[in-house]
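Working notes for the structure below.
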Amino acid sequence: MEERPHFAKMNGLGNEIIVADMRGRAGRVSPAAARALAADPATRFDQIMAIHDPKTPGTANFIEILNSDGSSAQACGNGMRCVVQALAAETGTARFTFETVAGILNAEEHADGSISVDMGKPRFDWQDIPLAEEFRDTRMIELQIGPIDAPVLHSPSVVSMGNPHAVFWVDDDVWSHDLERFGPLLENHPIFPEKANITIARVTAPDAITIRTWERGAGLTRACGSAACAAAVCAARTRRTGRGVTVTVPGGPLLIEWRDDDHVIMTGPAEWEFSGRFDPATGAWEREVEGAV
């Protein structure tokens, strides 16, 4: 009987992650297993990062990403930092090239333990985000919540960071908005044919942004790396900030740099919690005292 694969329960600034070792296996983590793991308080997660054997020469691994509702995700920056920390501890390697459904991604663990992930190039054309109808200027689109003459949230910036994002700019406290109520409505708005991550953002300094995010397929999260990148590039694009900012999410700060070559680099921590083995078909699992992916 084949031994159950390892997993590591980790987090990136409170973004709850399961790193699942599916190397050497033909199968994948089923949506049913994802939902079962998400329903258990001990293994509750925002994303599963399933490490598979490489598909493309020159890459270390193919990474499949699952949300807590069992749906697939294209990008998860906090999860990628967890993958890097787990594999760096196992292999002693500091630099990695991965493949995801969104493309090739490079990442590096630094001497201080922080991890940088190249999140790729943002895409701003309406059909690339994607939106259901044409908007020539995606720095601000027509979308609002609330009365037409006094909307609560309106005119978001939209972008793809490998996954769709809408960033609503506010001048007051990001915690004063009922994101738990508005998030599901906006995530599923018809303008977003593939749904969207919904972020409320406030610029607090020329190099600082505070955000909260309703994550597509996962709900409220303490950290969403791709949303931090989306907020950073949209802030720079609308001249609210420069191209290097600290984005503070509920779990803490992330450093985001939108480089001159158009790549977005996210730097932050990752934290190991515990490890175990699990059934990728059902989600049944047991804890291990020691070990990592």
Side-chain angles (χ1 to χ4, degrees), residues 1-55 60-87 89-90 98-102 162-163 180 183-184 187-188 194-195 197 213-227 251 270-293:
M1 183 175 178
E2 187 178 37
E3 193 173 32
R4 288 179 170 183
H6 282 283
F7 75 90
K9 179 65 169 57
M10 305 182 71
N11 77 81
L13 290 179
N15 192 184
E16 298 294 342
I17 303 295
I18 287 178
V19 178
D21 186 2
M22 297 297 290
R23 291 173 291 181
R25 299 172 185 270
R28 57 188 294 268
V29 181
S30 73
R35 291 190 291 269
L37 288 164
D40 188 323
T43 52
R44 194 202 71 80
F45 67 89
D46 296 305
Q47 275 77 38
I48 289 177
M49 311 295 290
I51 305 174
H52 291 270
D53 295 326
K55 295 183 177 182
N61 302 98
F62 180 85
I63 310 297
E64 182 183 25
I65 309 172
L66 291 172
N67 294 315
S68 56
D69 66 358
S71 63
S72 295
Q74 296 103 323
C76 179
N78 290 314
M80 291 308 307
R81 295 202 313 278
C82 292
V83 169
V84 169
Q85 187 186 80
L87 290 178
E90 175 194 302
F98 299 115
E99 183 180 8
T100 71
V101 294
N163 52 358
E180 189 168 12
E187 174 194 357
N188 293 283
E194 297 181 7
K195 301 186 180 182
N197 298 278
T213 297
W214 176 272
E215 198 163 1
R216 180 185 63 164
L220 287 176
T221 179
R222 287 182 55 76
C224 177
S226 62
E271 181 181 12
W272 179 87
E273 296 177 16
F274 67 87
S275 61
R277 290 184 180 272
F278 79 111
D279 185 332
T282 68
W285 68 280
E286 64 272 353
R287 187 187 296 252
E288 291 183 332
V289 176
E290 295 181 358
V293 175

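Numbers here are sequence positions counted from 1.
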Is a side-chain donor or acceptor of [X] paired with a backbone partner of [Y] at a separation under 3.5 angstrom?
X: Q85; Y: A270; answer: yes
X: R216; Y: E194; answer: yes
X: N61; Y: F98; answer: no

Are [X] and [Y] close enough that some pair of their side-chain heavy atoms sits under 4.5 Å apart?
X: N15; Y: R222; value: no
X: E286; Y: R4; value: yes
X: F45; Y: N11; value: no

Can you see which heavy atom on [X] is nearest to which on [Y], and at what distance?
X: W285; Y: T43; value: CE2-CG2, 3.4 Å
X: D46; Y: L220; value: OD1-O, 4.3 Å
X: P31; Y: G70; value: CB-O, 3.6 Å
X: V29; Y: A34; value: CG1-N, 4.5 Å
X: A20; Y: I48; value: CB-CG2, 4.3 Å
X: S71; Y: G217; value: OG-CA, 4.3 Å

If we check side-chain contact (heavy atoms from CB on, under 4.5 Å) with M49, which of these qualifies: L66, I17, N78? I17

Could you give the distance from [atom1] ([X]) to [atom2] ([Y]), rounded to the nearest 0.5 Å?
X: I65; Y: T100; atom1: CD1; atom2: OG1; value: 5.5 Å
X: K195; Y: N188; atom1: NZ; atom2: CG; value: 4.5 Å
X: M22; Y: F278; atom1: CE; atom2: CZ; value: 5.5 Å

Passes side-chain hydrogen bond (donor to acceptor under 3.5 Å, both in side chains), N67 versus Q47? Steps please. CA-CA 5 Å; N67 294 315; Q47 275 77 38; 3.0 Å; yes

Would R81 and M10 satisfy side-chain contact (heavy atoms from CB on, under 4.5 Å), going step by step from the backbone distance to the final call? CA-CA 10 Å; R81 295 202 313 278; M10 305 182 71; over 6 Å; no

Quick test of your reading of the model: are K9 and E16 salt-bridged, counting only N-O distances below 4.0 Å? yes

Does atom CD of E180 have more than 12 heavy-atom neighbours from other groups under 6.0 Å away? no

